[in-house]
Colleague: 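The structure's right below; bear with me while I get my questions together.
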Amino acid sequence: MGALPARPVYARVDLGALAHNLRAITAASGGAKIMAVVKANAYGHGLVPVAQLFERLGADALAVAVPEEGAALRAAGVAAPILVMGALLPQQFPILFDNGLAFSATAPESLAAIDAAAAERGVRAPVHLKLDTGMQRVGVQWRAAGAFIEQALRCKHVQIAGVYSHFAAADEANLASARLQLECFLEALQNFERLRAPLPLRHIANSGAVLQLPEAQLDLVRPGILLYGVYPSDECARSIAVRPALGLHAAVTHVKQLAAGTPVSYGGSWQSAQAVTLATLPIGYGDGYMRALSSRAPVLLRGKRYGVAGRVCMDQLLVNVAADTVDVGETATLLGSDGTQEISAAELAQLAGTIAYEVLTNIGARVPRVYAGP
Ligand SMILES: *Cc1c(COP(=O)(O)O)cnc(C)c1O
């Protein structure tokens, strides 16, 4: 691991775990290409170092949500194909052209605008056609795919690099709706044969489908959360063994003895019936450690579980270490493991009433990332 930052708060990212997860997913994906999803700062793990690792380890392509993420990767020297998922407005096109990013065409108008902009530049834009098979977010309804594909074939400045869709519920125990989405997607793909057009890369599998629907692997899979060692939901099958890669840590900055019955933090919403030791950590919701975790979440110190005492502040929080001792400067673990104890993103998500994705992506820019491993 590199030198620790001066700020006594950091997210430790285990590159070995990320590498293991990519290999495990590749081995389970039946020869399909891997498009590693690195949107939202690589799910909080740090966009550039994570993308560079996945590229070095042989990921065939990367996916981001917004063009600026792709531009940051190109500036860092990432050469792999990068797909910008999601709908685009013309004002965003220059970033894609200037950085050699692949477009998502999400409607006939969007495809026409991409074609016109590419014509103006005298280039061919790599485009993935986005079909909607049930998510109702963006994309052309699968029943209208025939006309959309015909339109794409007529576009002189578009290179059809792929065709894709997205599952709404591939991480649930009941896979009926996901299976129906896959059927609709496959039916829509028959238009390529009907039009005697070559099939571009077909892809639909997110992490849930990678784990539960091998028939959805097609030409390429698009895992996100699973690469980071986290399962997409509690009910999703854990058919691939992955390891969490992120630990969130903060050093104790203040320790005091608290008399019984003393109200603690904003609003005085927490107090102890006994005298306790209270440790202060310099991390708060301004770092993405959610306020909803106030008086609920566990914190690890010296390999033992304690609890957040009172409201999480913007920049600090308090830990009830009960009758135990702790010293200023010791490192606490808010997410990840310490000895035999572990706090998972899923556990924090449950306590905060959200999902592990949000726990990870919330970890803010103010938290330095420290990389450990290969
Ligand atoms: C975020 C995203 C993914 C990855 O989803 P996970 O559930 O994290 O695997 C795949 N495809 C699209 C279109 C996405 O937006």
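The structure presented is a predicted model; accordingly, all values stated were derived computationally and were not measured. If you read the sequence from its start, that first residue is 1, and numbering goes on from there.
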Colleague: Between NZ of K256 and OG1 of T262, what distance do you get to the nearest 0.5 Å?
Modeller: 9.5 Å
Colleague: Do the side chain of Q212 and the main chain of A237 share a donor and acceptor less than 3.5 angstrom apart?
Modeller: yes
Colleague: Taking NZ, NE, NH1 and NH2 as the nitrogens, is one of them in R74 or D98 under 4.0 Å from a carboxylate oxygen of the other?
Modeller: no
Colleague: So do the side chains of P5 and V370 get within less than 4.5 Å of each other, counting heavy atoms only?
Modeller: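 Yes, their side chains come closer than 4.5 Å.
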Colleague: What is the distance from atom CD1 of I240 to atom OH of Y231, rounded to the nearest 0.5 Å?
Modeller: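 I240 atom CD1 to Y231 atom OH measures 8.0 Å (nearest 0.5 Å).
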Colleague: Are there over 12 heavy-atom neighbours, none belonging to R296, within less than 6.0 Å of that residue's CZ?
Modeller: no
Colleague: According to the interplanar angle, ranging from 0 to 90°, do the rings of H203 and Y164 count as parallel (below 30°), tilted (30 to 60°) or perpendicular (above 60°)?
Modeller: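 Parallel.
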Colleague: Evaluate side chain to side chain contact (heavy atoms under 4.5 Å, CB included) for V66 paired with V64, printing each intermediate quantity in order.
Modeller: CA-CA 6 Å; V66 301; V64 294; over 6 Å; no
Colleague: Do Y43 and V230 have side chains that get closer than 4.5 Å, going by heavy atoms?
Modeller: no
Colleague: What are the two closest non-hydrogen atoms of I95 and L101, and how far apart are they?
Modeller: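 Shortest heavy-atom contact: O-CD1, 4.1 Å.
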Colleague: Does a donor on one side chain sit under 3.5 Å from an acceptor on the other, for H157 and R121?
Modeller: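 There is no such pair between these side chains.
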Colleague: Do the side chains of L195 and V127 join up, straight or via other hydrophobic residues, at under 4.5 Å, putting them in one cluster?
Modeller: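 Per the 4.5 Å side-chain linkage, L195 and V127 are co-clustered.
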Colleague: Nearest 0.5 angstrom please: L175 CG to L182 CG, how far?
Modeller: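 One finds 11.0 Å between CG of L175 and CG of L182.
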Colleague: Would you say E120 has more than 12 foreign heavy atoms packed within less than 6.0 Å of its CD?
Modeller: no
Colleague: Let me know which of R137, H166, Q141 forms a side-chain hydrogen bond (donor to acceptor under 3.5 Å, both in side chains) with D132.
Modeller: Q141
Colleague: Pick one: which of V319, V299, D287, I363 meets side chain to side chain contact (heavy atoms under 4.5 Å, CB included) with L334?
Modeller: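 With L334 as partner, side chain to side chain contact (heavy atoms under 4.5 Å, CB included) holds for just one option, V299.
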Colleague: Going by distance alone, is a donor N or O of one side chain under 3.5 Å from an acceptor N or O of the other, for Q341 and R305?
Modeller: yes
Colleague: Applying side chain to side chain contact (heavy atoms under 4.5 Å, CB included) to T325 and T277, what does each step give before you reach the verdict?
Modeller: CA-CA 7 Å; T325 38; T277 297; 5.9 Å; no
Colleague: Table please: side-chain donor-acceptor pairs of residues 17-26 below 3.5 Å, with sequence neighbours left out.
Modeller:
from, atom 1, to, atom 2, distance (Å)
H20, NE2, A241, O, 3.1
N21, OD1, R243, N, 2.9
N21, ND2, A17, O, 3.1
N21, ND2, L227, O, 3.0
N21, ND2, R243, O, 2.9
T26, OG1, L22, O, 2.7

Colleague: Look up atom CD in E172 and atom CG in D234, then write down how far apart they are to the nearest 0.5 Å.
Modeller: 12.5 Å
Colleague: Stepwise, does the side chain to side chain contact (heavy atoms under 4.5 Å, CB included) test hold for F192 with V163?
Modeller: CA-CA 10 Å; F192 284 95; V163 56; 4.0 Å; yes
Colleague: Do the side chains of E69 and K39 get close enough for a salt bridge, i.e. N-O under 4.0 angstrom?
Modeller: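 Here E69 does not pair with K39 in a salt bridge, since their nearest N and O are not under 4.0 Å apart.
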Colleague: Please check if atom CZ in R143 has more than 12 non-hydrogen atoms from other residues, nucleotides or ligands closer than 6.0 Å.
Modeller: no
Colleague: Atom CG of L111 and atom SG of C155: how far apart are they, to the nearest 0.5 Å?
Modeller: 4.0 Å
Colleague: Are the side chain of R222 and the backbone N or O of L220 linked by a donor-acceptor pair below 3.5 Å?
Modeller: no
Colleague: Between L153 and I160, is there a side-chain heavy-atom distance shorter than 4.5 Å?
Modeller: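 Contact flag for I160/L153 side chains = yes.
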Colleague: Counting only heavy atoms from other residues, nucleotides and ligands, does the tally under 6.0 Å from CZ of R196 exceed 12?
Modeller: no
Colleague: Hey, does L73 have a side-chain heavy atom less than 4.5 Å from the side chain of L47?
Modeller: yes
Colleague: Can a donor-acceptor pair be found between the side chains of Q181 and T133 at a distance below 3.5 Å?
Modeller: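 The answer is yes; a qualifying pair exists.
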Colleague: Determine, stepwise, if the pair R369 / H45 fulfils side chain to side chain contact (heavy atoms under 4.5 Å, CB included).
Modeller: CA-CA 7 Å; R369 269 67 174 176; H45 294 61; over 6 Å; no
Colleague: Working to the nearest 0.5 angstrom, can you tell me the gap between I149 CD1 and R154 CZ?
Modeller: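 I149 atom CD1 to R154 atom CZ measures 12.0 Å (nearest 0.5 Å).
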Colleague: Could you tell me which non-hydrogen atom of H128 sits nearest to which non-hydrogen atom of A102, and how far apart they are?
Modeller: CD2-CB, 4.0 Å
Colleague: Looking at every heavy atom in both S344 and L335, which two are closest together, and how far apart are they?
Modeller: C-CD1, 3.5 Å
Colleague: Under the rule for ring pair (Phe, Tyr, Trp, His ring centres under 6.0 Å), what residues qualify as partners of Y289, not counting sequence neighbours?
Modeller: none
Colleague: When you compare the side chain of L131 with that of F148, does any pair of heavy atoms fall below 4.5 Å?
Modeller: yes
Colleague: Is it the case that more than 12 heavy atoms not belonging to E342 sit under 6.0 Å from its CD atom?
Modeller: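 Correct, the count exceeds 12.
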Colleague: Could you tell me whether the side chain of D315 and the main chain of G284 form a donor-acceptor pair under 3.5 Å?
Modeller: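 Side chain of D315 to backbone of G284, a donor-acceptor pair under 3.5 Å: no, none is there.
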Colleague: When you compare the side chain of L88 with that of P67, does any pair of heavy atoms fall below 4.5 Å?
Modeller: yes
Colleague: Quick one: which of T253, V312, L248 gives a side chain to side chain contact (heavy atoms under 4.5 Å, CB included) with I283?
Modeller: L248
Colleague: Search all heavy atoms of V9 against all heavy atoms of P282 and return the closest pair with its distance.
Modeller: CG2-O, 3.2 Å
Colleague: Kindly give the heavy-atom pair with the smallest separation between A87 and V138, and that separation in Å.
Modeller: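 Looking at all heavy atoms of both residues, the shortest contact is CB-CG1, 3.8 Å.
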Colleague: Taking the six-membered ring for Trp, are the ring centroids of Y228 and Y357 within less than 6.0 Å of each other?
Modeller: no
Colleague: Can you name the nearest heavy-atom pair linking W270 to S295, along with the distance?
Modeller: CD1-OG, 3.6 Å
Colleague: Got more than 12 heavy atoms from elsewhere within 6.0 Å of CD, E193?
Modeller: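 Incorrect, the count does not exceed 12.
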